[in-house]
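Residue numbers count from 1 along this sequence. Owing to the predicted nature of the structure, the values given are computational and were not obtained by experimental measurement.
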Amino acid sequence: MKTQILIAALFFGGLVTAQQKKDSLKVNAIDAVNIKKQVFKKQGDRLVYDVASSSIAKGTNTFNLLKQTPMISSIDGKTLKILGKNDAVIYINNKKTNMDSEALIEMLKSTPSEDIQKIEVITVPGSEFQVESKEGVINIVMKKSKNNGYNGTLKMQNEQAYYNNPNAGASFNFRQGKWSGNSNFRTGSWTDRQRYTLSNGDPTFKNESFGFNDDPNKNFGGGFNVDYEINKKHSLGFSYNMRYNKSFNSVLDITNWQNGVLNNRTVNNEDAQTRNHSFNLNYEMKTDSLGSRLTSNISYLWFNRDKVSFNESFPLTNDTINKYSALHQSVPQIINNYAANIDYLKKTAKGATWLMGISYNHTNTDNDTKQDKLIGNDFVIDPKQTNHFIYKENILGIYLNYERKLTEKISGKIGARYEMTRSTGEILEKTGFERNYNNLLPYLNLNYAINSDHNLSYTFSSRIRRPRFWELNPSRTYFTPTNYTQNNPFVLASKFYNQELNYMYKNAFYANLSFNMVEDASASDMLPLQGTLTTPERDKNGNIVYGPGGNMIMRTTRFLRYIRTNYGKNRELALTLGMNKSWFKDIWTTNYSVNLGYVTYKGGVWEDPTSQLGQYESESLDPYIIDVKNYNMSVTINNIIRLSSKKDWFLGVNYFFASQTAMEGGMIGARQSFDLSLKKIAGDWTIVAEVSDLFNQSFYSVKGVQPNGKYNNITNFNYPRLMSIGVTYNFGNQKLKKAREMKSANDAVKSRT
């Protein structure tokens, strides 16, 4: 920095001297030149956080760094939100990550913050990004250098929640001549503990359930990427990522009461394991000296999840209706995805940029669900819940963007994405469907730099949300025999229209006004449907029981099933006011934001498309009416305080609050989280001690009441307080450069697995 200041002083000093009269003997002295880089600024369609110029980007990890980034927040340590509401899709150097959400978060937590150059937040992504609904993009730009060599990171961490959860990871990077590569490995174990309180019914009937879930997990994952620069114009690359997770001996134990009387107890034992492998081969050709290039890649993704469970219900009274019942269930899912895309980026001498591309995705999912139930002393196949569901989907996308600077103050970007979707679903030997639809998805961004202190931009985008593959698999997950979640293969894609107006003052203060409309909306969480099921009474051998007059004896039971389905439309208006600023010569760094929202949900569900009734059976479903209007707010307060002049001790004090928020399934209770962290940097070593949600206040609670008096309340206490200590060691040359970065052709489907 001293060298740069000296060069600047000599340059400006020479310029001033040249403008003076030649016979003047006066010398102009320059005392100092203070050059300070902007840390947070607006650039086109994105907000750029230059963390390499910020003091907080030392000795932490990428996940914690993202939580300190303006417009980004996390309340649970497992997910990231943009503006407190939009789901975040992570890109690294303009390449979408190839791993599932849990592995991605662990990778971010194990990546040193020193490797990050800047973080770009794109609240409304352009047509070139493969995103859905109102998802935003976080693009993490890594530091680059042409130096040969290698570097790596070793990390160990221990977390204490209800159970103790250790984990460790390592990464290795190298660059030598035309070759560059990186690899990583992560392993760990954790056990989730959750306590449930469920109640539902109406003014005449009350059902209550209390219980807990212990879910132990062991996992390992990793991958590698190799790039080869054939020559200055041509490059070739290959990448592989994998993850394995084993969750054996997961136990859900629920005790049920009806109208204040102890009724039965349900215990569900589950074993599950998940495997995920993805491959990508890519090629890049530079076509001119302006930065134009042609890129292409082909990808393959294989996802497999096996789940088997044994569900038992024990009667706790002497009545003859509630008898011992049991069922076995096997729910495997296999996903194969093949994808390819070609992009051409053309830059002109006048500063305009064209981007055109074509992509293709073919996905095949195989879900062979088997379920049997106890009749008499034997387990027999349940034909209604045993099904083999095959879903095939083909998506062809064509997109075009044009971006240029119109005047010195005005710039713009316009584009469109045209998607053709052809899909079929078949429950073998039962039913099937075919869905063919075309979508034109326009995009517009206008940016007006009023002056150096004021910037104003407007963005419009249209997107669709296709159902996740697991949502389509027509299987159940049981709490009790009459209380369960039900997936729906008939749910439709939703259409989103997103608008945003953004204002920034002095690259430190911002205001964001957004408006979102959704058609054919499906609930963000499952909707609780209540009703009664009437079935013939059967003896211990499964035979129908008849009364004295020869009539069948019928049995009526109440049920509560949670289902994801389309219900109507929703609207959301939101205003975010924020500030990112450092005080007292960067001793105190603040990142504050306030989100104000108004939402409306309108529609209803009058029938269950997944119902399967046997002979002599009938079902009565209470209509679920959605007519919600709600004001809500959230506050994020993040502080980083430098405790020493050597910049080796840092204190973090963070607070998050969210008011009551209405959703389609009911009113979510207020949540808050108070977090503390202490960080010590000692050379290549970093030690971090953290306490998240010190007062255990960020758990999930929802209350829903229907106009007819039916209610459904859920409290899921997941023991959110988390204490952790982590040690990170960085070795080798910390300034390496990857040959290049490519996006993967099957990016669009990864978030749906």
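Under a 3.5 Å cut-off, the side chain of Lys233 and the backbone N or O of Met285 do not form any donor-acceptor pair. Judged by distance alone, the side chain of Thr295 and the main-chain N or O of Glu284 form no donor-acceptor pair under 3.5 Å. Judged by distance alone, with hydrogens and angles left aside, the side-chain atoms of Thr600 form no donor-acceptor pair with the main-chain N or O of Lys629 at under 3.5 Å. The backbone N or O of Ser127 sits less than 3.5 Å from a side-chain atom of Arg417, completing a donor-acceptor pair. Put simply, the side chain of Thr661 gets close to the backbone of Ser659: a donor and an acceptor are under 3.5 Å apart. Between the Ser74 side chain and the Thr79 main chain, a donor and an acceptor come within less than 3.5 Å of each other.
Here CG of Leu501 is found 9.0 Å from OH of Tyr458. Values are rounded to the nearest 0.5 Å. Distance CG/Leu573 to CD/Gln499: 10.5 Å, rounded to 0.5 Å. Taken from CG in Asn231 to NZ in Lys178, the straight-line distance is 6.5 Å, to the nearest 0.5 Å. Between Ser522 atom OG and Asn570 atom CG the span is 9.5 Å, to the nearest 0.5 Å. Considering NZ of Lys581 and OG1 of Thr589, their distance stands at 11.0 Å, rounded to 0.5 Å. Here Asn638 contributes atom CG and Phe656 contributes atom CZ; the two are 10.5 Å apart, rounded to the nearest 0.5 Å.
Between Thr123 and Val121, the closest side-chain pair of non-hydrogen atoms falls below 4.5 Å. Gln68 has its side chain within reach of Asn654: a pair of non-hydrogen atoms, C-beta onward, lies under 4.5 Å apart. Side-chain atoms of Leu290 and Thr348, non-hydrogen and from C-beta on, never get closer than 4.5 Å to each other. In this structure the side chain of Phe657 never reaches within 4.5 angstrom of the side chain of Arg671, judged on heavy atoms. Side-chain atoms of Tyr49 and Ile72, non-hydrogen and from C-beta on, never get closer than 4.5 Å to each other. Annotation: side chain of Asp45 is in contact with side chain of Tyr443 (closest heavy-atom distance under 4.5 Å). When side chains are defined from C-beta on, Val653 counts as touching Phe674, because their heavy atoms get closer than 4.5 Å. Contact annotation: the side chain of Ile138 approaches that of Ile119 to within less than 4.5 Å [non-hydrogen atoms, C-beta and beyond].
Ring-plane geometry between Phe509 and Tyr505 is classed as tilted, the angle between the planes lying from 30 to 60 degrees on a 0 to 90 degree scale.
Side chains of Glu519 and Tyr497: no donor on one and acceptor on the other come within 3.5 Å. Judged purely by distance below 3.5 Å, without hydrogens or angles, the side chains of Asp520 and Ser494 never pair a donor atom with an acceptor atom. Using modelled atom types and a 3.5 Å distance limit, the side chains of Tyr399 and Glu128 yield no donor-acceptor pair. A side-chain N or O of Tyr283 and one of His234 form a donor-acceptor pair less than 3.5 Å apart. One side chain, Asp675 or Ser673, offers a donor N or O that lies under 3.5 Å from an acceptor on the other. No hydrogens or angles considered: a donor-acceptor pair under 3.5 Å links the side chains of Asn595 and Ser634.
Counting all heavy atoms, side chain and backbone alike, Asn451 lies closest to Asp453 at OD1-N, 2.8 Å. Considering every non-hydrogen atom in both Ser593 and Thr576, the closest pair reads CB-CG2, 4.5 Å. Closest non-hydrogen pair, Asn361 versus Ala339, comes out as OD1-CB, 3.3 Å. Across every non-hydrogen atom of Ser239 and Asn225, the tightest pair is CB-OD1, 3.3 Å. Scanning all heavy atoms of the two residues, the minimum distance from Val628 to Met663 falls at CG2-O, 4.3 Å. When all heavy atoms of Leu396 and Ser359 are compared, the closest pair comes out as CD1-O, 3.3 Å.
With sequence neighbours excluded, the residues satisfying side-chain hydrogen bond (donor to acceptor under 3.5 Å, both in side chains) with Thr421 are Arg466. By the side-chain hydrogen bond (donor to acceptor under 3.5 Å, both in side chains) test, Thr459 is found to be paired with Asn445, residues two or more places apart in sequence or in another chain being considered. Every residue meeting the side-chain hydrogen bond (donor to acceptor under 3.5 Å, both in side chains) condition with Asn498, not counting sequence neighbours, appears here in chain and number order: Asn516.
Within a 6.0 Å sphere centred on NZ of Lys569, heavy atoms belonging to other residues, nucleotides or ligands number 12 at most. Residue Tyr631 places its OH atom among 12 or fewer non-hydrogen atoms of other residues, nucleotides or ligands, all under 6.0 Å distant.
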Quiz item: Under the side-chain contact (heavy atoms from CB on, under 4.5 Å) criterion, do Thr636 and Asn591 qualify, and how do the steps go?
Solution: CA-CA 8 Å; Thr636 300; Asn591 176 20; 5.7 Å; no

Practice problem: For side-chain contact (heavy atoms from CB on, under 4.5 Å), just list the numbers for Tyr91 and Ile122, CA-CA rounded to whole Å, side-chain angles, deciding distance to a tenth of an Å, and then say yes or no. | Solution: CA-CA 11 Å; Tyr91 279 69; Ile122 310 171; over 6 Å; no

Exercise. Please lay out, stage by stage, how Thr353 and Leu345 fare under the test side-chain contact (heavy atoms from CB on, under 4.5 Å).
Key: CA-CA 7 Å; Thr353 300; Leu345 179 72; 3.3 Å; yes

Quiz item: Stepwise, does the side-chain contact (heavy atoms from CB on, under 4.5 Å) test hold for Met71 with Tyr510?
Solution: CA-CA 10 Å; Met71 298 189 176; Tyr510 61 89; 3.5 Å; yes

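A salt bridge is absent between Arg293 and Asp343; no separation between the charged side-chain nitrogens and carboxylate oxygens falls under 4.0 Å.
Cation-pi geometry between Lys679 and Phe650 is met: the NZ or CZ atom falls under 6.0 Å from the ring centre, inside 45° of the normal.
Evaluated for a salt bridge (charged side-chain N to carboxylate O under 4.0 Å, His left out) with Glu132, the options Arg463, Arg468, Lys495 yield exactly one hit, Arg468.
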